[in-house]
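Input: a single structure, listed below in structure tokens.
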Amino acid sequence: MSTIFSKIIAKEIPAEIVWEDDEILAFKDVNPQAPVHILIIPKIEIPTANDLDESHDKLMGKMIRMASSIAKNEGIAESGYRLIINCNQEGGQSVYHIHIHLIGGKQLLWP
Ligand code: 5GP
């Protein structure tokens, strides 16, 4: 089932895009939880981490690499940041199109 992220990929609704290629889109979270809060998403629809299979290994690896590259561009690579994938209800997932949160720019607490 399509989500709001499909509309962002299709440019049907606006987003502050920070990086894009034919496979991946990265844009600023509309409700940032830290000074830097960017979502890295695949352009194909994968609802949750539970839906990953071997065919996605390369894509997910590239998404993590792009997240670290964006962290460098945002100037938070050395200070540090966090990459998060929420899965399903208890994981706090609200948009069912898999995404990596890149969060940083302040001291993060755990959990
Ligand atoms: P989740 O809760 O599924 O892990 O994360 C979904 C994220 O998407 C949330 O942090 C939320 O603020 C963000 N989000 C939801 N709708 C939109 C939107 O239309 N535009 C942008 N830029 N972010 C969105």
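The figures that follow rest on heavy atoms only: side chains count, while hydrogens, waters and symmetry mates do not. First listed ligand is number 1; within each ligand, the first listed atom is number 1. It should be emphasised that the depicted structure is a prediction, and the values quoted were computed from it without experimental measurement.
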* Asked: Can you list the atoms of ligand 1 that are under 4.0 Å from a heavy atom of F27?
  -> 21 (C), 22 (N)

* To do: Using a 4.5 Å cut-off on heavy atoms from C-beta on, say whether the side chain of N88 contacts that of Y96.
  => yes

* Identity and separation of the nearest protein heavy atom to atom 20 (N) of ligand 1 -> I8 CD1, 3.6 Å

* To do: Check whether any N or O atom of A15, backbone or side chain, sits under 3.5 Å from an N or O atom of ligand 1, and answer yes or no.
  => no

* To do: Flag G92 as yes when one of its N or O atoms lies below 3.5 Å from any N or O atom of ligand 1, and as no otherwise.
  => yes

* Asked: Should S94 be counted as touching ligand 1, given the test is an N or O pair under 3.5 Å?
  -> yes

* To do: Identify, by atom number and element, the atoms of ligand 1 in contact range of N31, meaning under 4.0 Å from any of its heavy atoms.
  => 12 (O)

* Return yes when I85 approaches ligand 1 closer than 4.0 angstrom through a heavy atom, no otherwise. => no

* Asked: Are any side-chain N or O atoms of Q93 and backbone N or O atoms of P47, one a donor and one an acceptor, separated by less than 3.5 Å?
  -> yes

* Assert yes or no for the condition that the ring centre distance of H97 to H99 is strictly below 6.0 Å. => no

* To do: Measure across A71 and Y81 and return the closest heavy-atom pair with its distance rounded to 0.1 Å.
  => CB-CE2, 3.5 Å

* Structure fact -> Checking heavy atoms under 4.0 Å, the part of I84 that sits near ligand 1 is neither

* Give a yes/no on ligand 1: does F5 have at least one heavy atom closer than 4.0 angstrom to it? => yes

* Asked: Could an N or O of ligand 1 be found under 3.5 Å from any N or O of H37, whether backbone or side chain?
  -> no

* Which residues satisfy the side-chain contact (heavy atoms from CB on, under 4.5 Å) test with I13, sequence neighbours excluded? -> I4, K7, I8

* Would you call E20-K11 a salt bridge at under 4.0 Å N-O? -> yes

* Asked: Name the one of M63, E23, K62 that satisfies side-chain contact (heavy atoms from CB on, under 4.5 Å) with P42?
  -> M63

* Backbone, side chain, both or neither: what part of N86 comes under 4.0 angstrom of ligand 1, heavy atoms only? -> side chain

* In this structure, which one of I70, N73, L39 forms a side-chain contact (heavy atoms from CB on, under 4.5 Å) with V18? -> I70

* **Backbone or side-chain N or O of I4 under 3.5 Å from ligand 1 N or O** => no

* Donor-acceptor contact present, side-chain H37 to main-chain Q33, <3.5 Å -> yes

* Asked: Has H101 got any heavy atom lying under 4.0 angstrom from an atom of ligand 1?
  -> yes

* Contact with ligand 1 for H99, non-hydrogen, under 4.0 angstrom -> yes

* **Atom indices of ligand 1, in the order listed, that fall short of 4.0 Å to a heavy atom of V95** => 3 (O), 6 (C)

* Structure fact -> The protein heavy atom nearest to atom 23 (N) of ligand 1 is V30 N, 3.3 Å

* **Heavy-atom nearest neighbour in the protein, as seen from atom 9 (C) of ligand 1, with distance rounded to 0.1 Å** => D29 OD2, 3.3 Å

* Over all heavy atoms of both residues, which pair between G104 and A34 is shortest? Give the atoms and the distance, please. => O-CB, 3.5 Å

* Asked: So, the side chain of R82 versus the backbone of L109: is there a donor-acceptor pair under 3.5 Å, distance only?
  -> yes

* How far is atom 22 (N) of ligand 1 from its nearest protein heavy atom, and which residue and atom is that? -> K28 O, 2.9 Å

